[in-house]
Amino acid sequence: MSTEMFKTPMELAVYQLHNFSISFFSSFLGGDVVSVKLDNSASGASVVAIDNKIEQAMDLVKNHLMYAVREEVEILKEQIKELAEKNNQLERENSLLKNLASPEQLEKFQSRLPSEAVLSLEHPDLGTSEQRGSGSAV
């Protein structure tokens, strides 16, 4: 389009912003945004119409993003729940195995572990040296 049809730089800027906004949101949403025709004779009304369409498009984007985020949060909550259940099961199994193992078996097992792992087995409240050094509670 030629820039001579616009009477002021503001009209040209509004037209360019409109084209950018509509093309951006259309490509982002896959063509869900309806194009707005500019009426150069009533540029004030055009600006309001464009602002309204941009606001609608932004609301649509926000709704799509919120839906996607909620969906992802639900998936992550399920994964956390499954991992917590698995962790509890493994802790129960570990406790059972420790109780059933003879002192000789425990000693043999601990001799195979690195010294930090043995320390954390003997003193679970101390944790590893990394955890102690960072000052974080386990």
Side-chain angles (χ1 to χ4, degrees):
M1 290 225 154
S2 171
T3 58
E4 289 115 26
M5 62 185 273
F6 300 104
K7 296 176 183 157
T8 65
M10 180 64 149
E11 288 178 349
L12 176 61
V14 167
Y15 178 77
Q16 290 173 337
L17 178 62
H18 163 74
N19 283 341
F20 171 77
S21 299
I22 297 301
S23 64
F24 172 76
F25 287 118
S26 293
S27 65
F28 184 73
L29 298 173
D32 286 350
V33 180
V34 178
S35 179
V36 178
K37 297 285 182 195
L38 279 179
D39 181 6
N40 290 327
S41 62
S43 63
S46 297
V47 171
V48 171
I50 291 169
D51 286 346
N52 288 339
K53 289 296 180 180
I54 291 171
E55 189 173 332
Q56 288 172 2
M58 289 171 57
D59 286 342
L60 189 58
V61 169
K62 182 177 104 180
N63 289 338
H64 281 286
L65 289 173
M66 290 299 291
Y67 177 77
V69 167
R70 283 188 189 113
E71 198 172 274
E72 192 67 26
V73 165
E74 288 303 315
I75 291 169
L76 291 172
K77 281 182 181 179
E78 277 299 313
Q79 288 177 344
I80 289 170
K81 182 180 173 185
E82 290 170 6
L83 290 171
E85 288 172 0
K86 186 172 184 170
N87 187 43
N88 286 337
Q89 177 189 355
L90 291 172
E91 284 179 352
R92 286 192 304 269
E93 288 177 12
N94 188 33
S95 197
L96 177 65
L97 290 172
K98 279 182 181 178
N99 290 335
L100 294 176
S102 68
E104 295 83 24
Q105 288 172 323
L106 282 175
E107 188 177 319
K108 185 176 178 182
F109 175 72
Q110 289 177 349
S111 68
R112 292 182 175 173
L113 295 176
S115 60
E116 285 185 9
V118 172
L119 180 64
S120 67
L121 286 174
E122 292 172 355
H123 306 284
D125 56 323
L126 293 178
T128 64
S129 60
E130 280 182 278
Q131 293 167 331
R132 287 189 308 268
S134 66
S136 63
V138 178

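Residues passing the side chain to side chain donor-acceptor pair (under 3.5 Å) test with Glu71 are Tyr67, sequence neighbours excluded. Partners of Glu82 under the side chain to side chain contact (heavy atoms under 4.5 Å, CB included) rule, at least two apart in sequence or in another chain, are Glu78. Here Val69 pairs with Val73 under the side chain to side chain contact (heavy atoms under 4.5 Å, CB included) rule; sequence neighbours left out. Every side chain to side chain donor-acceptor pair (under 3.5 Å) that Gln105 has, sequence neighbours left out, goes to Ser102. Scanning for side chain to side chain contact (heavy atoms under 4.5 Å, CB included) contacts around Leu83 gives an empty result, with sequence neighbours left out. The side chain to side chain contact (heavy atoms under 4.5 Å, CB included) search around Ser95 returns Asn99, not counting sequence neighbours.
When hydrophobic clusters are built by joining Ile, Leu, Val, Met, Phe, Trp and Tyr residues whose side-chain heavy atoms come closer than 4.5 Å, directly or via intermediates, Leu113 is not grouped with Leu97.
In this structure, CE in Met66 is found 12.5 Å from CG in Asp59, a value given to the nearest 0.5 Å. To the nearest 0.5 Å, atom NZ of residue Lys86 and atom CD of residue Glu93 are 10.0 Å apart. If you take CZ on Arg92 and CG on Asn87, they are separated by 10.0 Å, rounding to the nearest 0.5 Å.
For the residue pair Gln89 and Glu85, no side-chain donor N or O sits within less than 3.5 Å of a side-chain acceptor on the partner.
In this structure, Glu91 and Asn94 have side chains that are not in contact, with every pair of non-hydrogen atoms separated by 4.5 Å or more.
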